[in-house]
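For reference, the structure discussed in these notes is given below.
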Amino acid sequence: DGLSWQDMDKYGGNSDMNMVMDDDGGMMFFGRGGSSDGEPYVNTENGYTTNLNAGLQYTNKWNDKTTLNFSPKFNSQVYDNLLSRYSQTQIDDSLFIDSAKTISHVNRNNFKSNLSYDIKIDTNNTLKLTLLANIYHTESEELTNSTTTGGNGNFKNGFNRNLQTNSDKQSYTVSALFKHKFKKARRTLTFNTDWNILNNDANNFLKSDNESNNGGGLPPSKTLINQMTDFDKSTLNAVSKLVYTEPLSKKYALELAHEMTYNSGKNNQVTYDYSSLSGKYDVVVDSLTNDFDQSTFIHKSSVKI
């Protein structure tokens, strides 16, 4: 962690880097980009991190027509951090002292696999297939204790909070690119399709004990929160595009294209309060619950010169 991109790839930390071999045996590296998909944030400048990486890279070419690239990688990361904070705030003649301690633990691992297959069917036709798979598993816990007192040590407010997360994610991408060159120079036909699937199943547990001093001899007010949130999300994105080019002159060409896009998603987020009667999380909190499905289908044609 904290290394340059060259070092990250050397030690397997940058799983979005890919390597291919050209016809002369040279190596080329390129980045695919991406994000952590909502994974718990880990600040590598603080705490202790144990990072384990393992991977393979296989590249081969047969008969100058078929090229295969295959690179599976595994990453395991365990992060622990103890953060203590102390501050004083002066407002007019009043002094407020805040003291807090947060203990964080994140244990996550993921397996990524990248497979590409290039086929030179003949002198006029080529096909490239790409398969990507990314499987996550994350467990995290955060314990926070915070207290605010006055300058004379009298209690103002405070809370104890325990937040636990357990999530599983799967991401899959399948793409195909077909190119055809006609006998006439610069006349081409291209078809490209991409399918992306993302599934996310997670459970969050929140336990919070909040207390506030009301003053004036009144008893302090207390709020107890004990909830479980269940996430079930899935998305599908599919894009297909057909492009035909026709040369009009030495400088100009006509491009005709049609693109179809399909998006669908399911978001089921339900929050439950803990019931002391049943001993289970079975009381639905409507204000923190969201359940919907959506889908869109788009056709787009274009003409370019």
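Numbering starts at 1 and runs along the sequence shown. None of these values were measured; they are calculated from a predicted model.
Checked against side-chain contact (heavy atoms from CB on, under 4.5 Å), Asp92 has no partners two or more places apart in sequence or in another chain. Residues meeting the side-chain contact (heavy atoms from CB on, under 4.5 Å) test with Ser276, sequence neighbours left out: none. Annotation: ring-ring contact (aromatic ring centres under 6.0 Å, His included) contacts of His180 (sequence neighbours excluded): Phe182. Taking Asp122 as the reference, Asn124, Asn125 meet the side-chain contact (heavy atoms from CB on, under 4.5 Å) condition, with sequence neighbours excluded. Under the side chain to side chain donor-acceptor pair (under 3.5 Å) criterion, Glu142 pairs with no residue, sequence neighbours left out. Under the side-chain contact (heavy atoms from CB on, under 4.5 Å) criterion, Asn63 pairs with no residue, sequence neighbours left out.
From Ile119, atom CD1 reaches atom CH2 of Trp62 across 10.5 Å, with rounding to the nearest 0.5 Å. Remark: Tyr117 OH to Leu129 CG distance equals 8.5 Å, nearest 0.5 Å. Atom-to-atom distance recorded for Ser104:OG and Asn81:CG is 5.5 Å, nearest 0.5 angstrom.
Residue pairs meeting the salt bridge (Lys or Arg N to Asp or Glu O under 4.0 Å) criterion with at least one partner in residues 220-234, sequence neighbours excluded, are Asp232-Lys266. Note on residues 156-179: no pairs pass ring-ring contact (aromatic ring centres under 6.0 Å, His included), not counting sequence neighbours. Pairs engaging residues 194-236 under the ring-ring contact (aromatic ring centres under 6.0 Å, His included) rule: Phe205-Tyr281 [sequence neighbours left out].
Counting heavy atoms from C-beta outward, Arg186 and Thr245 have side chains that stay 4.5 Å or more apart.
Checked by atom type, the side-chain pair Asp194/Asn196 shows no donor-acceptor distance below 3.5 Å. Looking at Thr49 and Asn51, their side chains never bring a donor and an acceptor atom within 3.5 Å of each other.
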Verdict with supporting geometry, Thr271 and Thr289, side-chain hydrogen bond (donor to acceptor under 3.5 Å, both in side chains):
CA-CA 6 Å; Thr271 299; Thr289 296; 4.9 Å; no
For residues 292-305, which side-chain N or O atoms pair as donor and acceptor with protein atoms under 3.5 Å away, sequence neighbours left out?
residue : atom : partner : partner atom : Å
His299  : ND1  : His258  : NE2          : 3.2
Ser301  : OG   : His258  : ND1          : 2.6

Check: residues 211-221 side-chain donor-acceptor pairs under 3.5 Å, at least two apart:
residue : atom : partner : partner atom : Å
Asn213  : OD1  : Gly215  : N            : 3.0
Asn213  : ND2  : Phe155  : O            : 2.8
Asn214  : ND2  : Pro219  : O            : 3.0

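With Asn114 as the fixed residue, the side chain to side chain contact (heavy atoms under 4.5 Å, CB included) test singles out one of Leu131, Thr130, Asn134: Thr130.
Hydrophobic cluster of Leu288: the remaining members, joined at side-chain heavy-atom separations below 4.5 Å, are Val285, listed by chain and number.
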